[in-house]
Amino acid sequence: MAHSILVFVEQREGKVKRASLEALSEASRLGEASAVLVGSGVGALAADAGRAGARKVYVVDEPRFKLYAPEGYARAILLALQKSGATNLFLAATAMGKDLAPTVAAMAGSAVATDCTGLASEGDRIVARRPVYAGKMYVRVGFRKAPAICTLRPNVFPLARDGNASPAVEELKLTLGEGDLRTLVKEVAPTSAGKVELTEASIVVTAGRGLGSPEAFKIRDELAAVLGAAVGASRAVVDNGWRPHSEQVGQTGKTVSPNLYIAIAVSGAIQHLAGMSSSKVIVAINKDPDAPIFKVANYGIVGDAFEVVPALTEEFRKVLHH
Amino acid sequence: MILAVCLKRVPDTNARPTVGPDGKSINPQGIEFVINPYDEFAIEEALRIRDKAGSGEVVGVTVDPDGNESVLRKALAMGVDRGILVKGGSTFDGAVTAEILAGVLKPLGAGLILFGKQAVDSDSCQVPGMVAEHLKIPRATVVTKLEIQGDKVVCRRQIEGSEEIVEMAMPCVVAAQKGLNEPRYPSLKGIMAAKKKPVETKGAPVVEPRIEILKMEPPPPRPPGRIVGRGKDAVPELVRLLRDEAKVL
Ligand SMILES: Cc1cc2nc3c(=O)[nH]c(=O)nc-3n(C[C@H](O)[C@H](O)[C@H](O)COP(=O)(O)OP(=O)(O)OC[C@H]3O[C@@H](n4cnc5c(N)ncnc54)[C@H](O)[C@@H]3O)c2cc1C
Ligand SMILES: Nc1ncnc2c1ncn2[C@@H]1O[C@H](COP(=O)(O)O)[C@@H](O)[C@H]1O
């Protein structure tokens with residue numbers, strides 16, 4: 001029996017989140033995928049969902065959904081679940097996906113597997129593989145109740161683009177009661193406008209306390225700029241007030257799994273590794289040859305960051321820009 | 001006002017867990033257990049709100065399969081007024097924990113229910129949202145700033161590259177992210193006082209499990225890495241490897 005999977009296609013300000021299309025791509029590999037779009041004036045985004053594999057797209061258009069509205073969005077997803085008859089729901093493990101999934105699960109009486117890095121079809125059910133203990137262990141999770149709800153870690157599942165750009169579209173009418181709009185998002189305040197978001201980036205350049213001062217982060221930022229990378233920091237850096245917490249990578253910061261992670265003057269404490277050890281390729285630059293970061297790094301250079309990093313920036317510039 | 005804080009007992013973040021004999025959980029031997037680090041932000045915030053108001057009661061609630069009250073004692077030492085220990089629940093099945101917690105929290109009548117944003121054992125980020133839905137109250141997760149304005153709570157919550165400003169009527173749920181505050185350490189006086197503070201013990205109702213852990217395993221080992229060289233002379237070779245061998249450029 002084919003699995004029926006509904007995927008929440010996340011958008012903010014009319015732009016679809018790539019991670020939710022990755023989730024949709026994975027769903028169409030596993031079974032029959034449909035999508036639900038929720039927001040205000042979002043119908044045109046159905047084509048994006050189609051290309052990533054949705055056979056059918058449910059659209060819940062509601063003027064009160066200009067900004068994220070947790071309970072209302074959850075109701076909309078629940079409605080699409082009922083209409084589609086899907087027994088599985090996938091969302092991207094983004095800020096919105098992680099916030100929304102438990103609410104839908106509580107409404108439906110089922111469970112969520114958070115931040116899945118693998119999904120497999122076993123007989124008539126889908127089994128999720130996900131990290132626990134900050135990635136020091138993995139568990140395989142089976143669901144005892146439908147709908148099985150999974151949030152999928154960004155940058156893990158390959159994006160499909162060869163689907164049908166004009167899928168079947170069905171508009172759903174949602175009736176909202178008082179209690180369906182309890183949490184009010186008043187505004188979105190940018191904190192790092194124009195920069196590449198850490199959790200979504202395919203390259204991340206992180207620097208640690210070894211840089212010695214906030215000014216020295218210029219060498220990190222220049223390297224990141226050449227690569228179009230997002231920037232990260234260790235907790236020691238954040239605790240010193242050199243960089244904001246939004247840049248922290250690790251157990252009490254963000255979890256990233258880019259294609260390339262460059263760690264500059266980071267020792268590689270277990271809590272830091274927790275946030276980045278599922279990166280595909282790790283490069284470490286550290287003056288101490290015994291630094292633990294070299295144990296997880298694919299490639300390392302032993303040396304002074306102030307000598308190596310500017311040279312690296314220069315070399316990338318030469319190689320990438322001609 | 002009653003302020004509730006929900007606390008989970010988890011392995012210390014320095015722990016290096018191994019798979020236990022059942023193949024589905026970790027070996028608890030040799031592991032030090034602590035309050036979930038994010039829950040300390042929740043405790044601190046509740047204490048500050050109580051102390052600023054000059055009145056109110058902070059109640060710590062933990063659901064623990066072993067009936068272990070150690071995290072409550074630490075919370076009481078930090079300044080929490082009393083504790084509720086529920087023996088039961090499950091490490092990984094957040095839906096079960098949420099249902100048990102909602103049952104305990106409902107009669108408590110707290111104006112504000114504080115959580116950590118994530119338990120660092122199950123890493124499931126789901127109990128706060130589920131509890132709010134069971135209680136039919138608003139909630140904000142991943143919160144870095146909380147302000148009480150009359151009968152409203154205004155929060156800042158972290159999202160990708162920006163923050164959402166969220167407004168909620170009380171009672172409501174708030175799940176704390178790092179940055180909300182700096183948690184205090186228990187004072188010696190606090191530790192002494194904690195011994196006399198009340199902890200009420202309850203049994204958990206029978207709740208239908210929603211998931212099953214089929215298997216636990218360590219992450220796949222990373223392929224052994226190599227030191228490309230020393231100093232800036234190694235840079236061209238590193239870039240060549242990234243381009244031609246790893247193919248990440
Ligand atoms: C509950 C808890 C949660 C935590 N969560 C996190 C988390 O989310 N993220 C996190 O990162 N940490 C976390 N930590 C902290 C972690 O244990 C480490 O203290 C921290 O990661 C160290 O940061 P660092 O590597 O930048 O600094 P250090 O450990 O001081 O390392 C600096 C490194 O720079 C190298 N160096 C110095 N000068 C140079 C130079 N000129 N050129 C090249 N290399 C140089 C040194 O050899 C050293 O290896 C947590 C800790 C706890 C207890
Ligand atoms: N067993 C538990 N007892 C009390 N609170 C819990 C329990 N499990 C989770 N929580 C709370 O829910 C938060 C998020 O946990 P989780 O959803 O499991 O990642 C934690 O930081 C705690 O505040």
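Within every chain, numbering begins at 1; the chains are lettered A, B, ... in the order of the sequence lines, protein sequences first and strands thereafter.
With a 4.5 angstrom heavy-atom cutoff, B:L241 touches chain A via backbone and side-chain atoms both. Both the backbone and the side chain of A:T252 have a heavy atom closer than 4.5 Å to some heavy atom of chain B. Proximity to chain A is absent for every atom of B:E182, based on heavy atoms less than 4.5 angstrom apart. In this structure, no portion of A:T313 lies under 4.5 Å from any heavy atom of chain B. Only the side chain of B:Q177 comes within contact range of chain A, with at least one heavy atom under 4.5 Å from a heavy atom of that chain. The contact between A:Q271 and chain B is made entirely by side chain atoms (from C-beta outward), counting heavy-atom distances below 4.5 Å. When heavy atoms are compared at a cutoff of 4.5 Å, B:P11 approaches chain A solely by way of its side chain, counted from C-beta outward. Residue A:P258: no heavy atom, backbone or side chain, is found under 4.5 Å from chain B. For a residue to count as touching a neighbouring chain, one of its non-hydrogen atoms must lie under 4.5 Å from one of that chain's; by this rule A:A101 does not touch chain B. A:D180 does not touch chain B: none of its heavy atoms, backbone or side chain, sits under 4.5 Å away. For A:I301, the parts lying near chain B are the backbone and the side chain together; criterion is any non-hydrogen pair under 4.5 Å. Contacts of B:A140 with chain A are absent, with no heavy-atom separation under 4.5 Å from either backbone or side chain. When heavy atoms are compared at a cutoff of 4.5 Å, A:V127 approaches chain B solely by way of its side chain, counted from C-beta outward. Heavy-atom distances place no part of A:V309 under 4.5 Å from chain B, backbone and side chain included. B:V120 touches chain A through backbone and side chain together, each having a heavy atom under 4.5 Å away.
Along residues 96-104 of chain B, no residue comes nearer than 4.5 angstrom to chain A, judged on non-hydrogen atoms.
A side-chain donor-acceptor contact under 3.5 Å links B:E45 and B:N181.
A salt bridge links B:K8 with B:D121: at least one charged nitrogen is closer than 4.0 Å to a carboxylate oxygen. Under a 4.0 Å N-O distance rule, the pair A:K17/A:E200 qualifies as a salt bridge. Between A:R317 and A:E315 no salt bridge is recorded (no basic side-chain N to carboxylate O distance below 4.0 Å). A:K287 has no carboxylate O lying under 4.0 Å from a charged side-chain N of A:D304, or vice versa, which leaves the two without a salt bridge. In summary, A:R75 and A:E71 do not engage in a salt bridge, as defined by a charged side-chain N under 4.0 Å from a carboxylate O. In this structure, A:R125 pairs ionically with B:E212, as a charged nitrogen and a carboxylate oxygen lie closer than 4.0 Å. Electrostatic pairing of A:D99 and B:R139 counts as a salt bridge here, judged by a charged N lying under 4.0 Å from a carboxylate O.
Contact count against chain A (heavy-atom pairs under 4.5 Å) is highest for B:R222 among B:Q126, B:R222, B:K232. When each of A:Y299, A:F294, A:F316 is scored by its heavy-atom pairs under 4.5 Å with chain B, the top score falls to A:Y299. The greatest number of non-hydrogen atom pairs below 4.5 Å with chain A, out of B:P218, B:P219, B:G129, is found for B:P219. No other option in B:T144, B:V131, B:T141 has as many heavy-atom pairs under 4.5 Å with chain A as B:T141. Most heavy-atom pairs under 4.5 Å with chain B: of the set A:Q248, A:K186, A:K145, A:K295, this distinction falls to A:K186. Chosen from A:A230, A:P70, A:G303, the residue pairing most often with chain B at heavy-atom distances under 4.5 Å is A:P70. For the options A:L67, A:T103, A:N259, heavy-atom pairs under 4.5 Å to chain B are most numerous at A:T103. Each of A:L227, A:I285, A:V112 has some count of heavy-atom pairs under 4.5 Å with chain B, and the biggest count is that of A:V112. Of the listed residues (B:P128, B:S25, B:P209), the greatest number of heavy-atom pairs within a distance under 4.5 Å of chain A belongs to B:P209. Contact tally against chain B (heavy-atom pairs below 4.5 Å) for A:T94, A:T255, A:D115: the top residue is A:T94. For chain A, the option among B:C172, B:G225, B:A234, B:P138 with the highest count of heavy-atom pairs below 4.5 Å is B:P138. Options B:I26, B:V127, B:V19 differ in how many heavy-atom pairs under 4.5 Å they form with chain A, and the most are formed by B:I26.
Other residues, nucleotides and ligands contribute over 12 non-hydrogen atoms within 6.0 Å of the CD atom of A:E122. B:D151 CG: 12 or fewer foreign heavy atoms inside a 6.0 Å radius.
The salt bridge (charged side-chain N to carboxylate O under 4.0 Å, His left out) test applied to B:E133 returns A:R182, B:K136, not counting sequence neighbours. For B:S90, the side-chain contact (heavy atoms from CB on, under 4.5 Å) test picks out B:D93, with sequence neighbours left out. The ring-ring contact (aromatic ring centres under 6.0 Å, His included) test applied to A:Y68 returns A:Y73, not counting sequence neighbours.
Between the side chain of A:E197 and the main chain of B:G161, a donor-acceptor pair closer than 3.5 Å is present. Without hydrogens or angle criteria, A:K136 side chain to B:T13 main chain gives a donor-acceptor distance under 3.5 Å.
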**Report entry** Steps toward salt bridge (Lys or Arg N to Asp or Glu O under 4.0 Å) verdict (B:E147, B:R48)
**Finding:** CA-CA 11 Å; B:E147 230 175 283; B:R48 288 186 191 190; over 6 Å; no

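Across B:G89 and B:P65, no two heavy atoms sit closer than the pair O-CG, 4.0 Å.
Of the inter-residue distances, the one linking B:R157 atom CZ with B:I165 atom CD1 reads 11.0 Å to the nearest 0.5 angstrom. How far CD1 of B:I213 is from NZ of B:K24: 9.0 Å, rounded to the nearest 0.5 Å.
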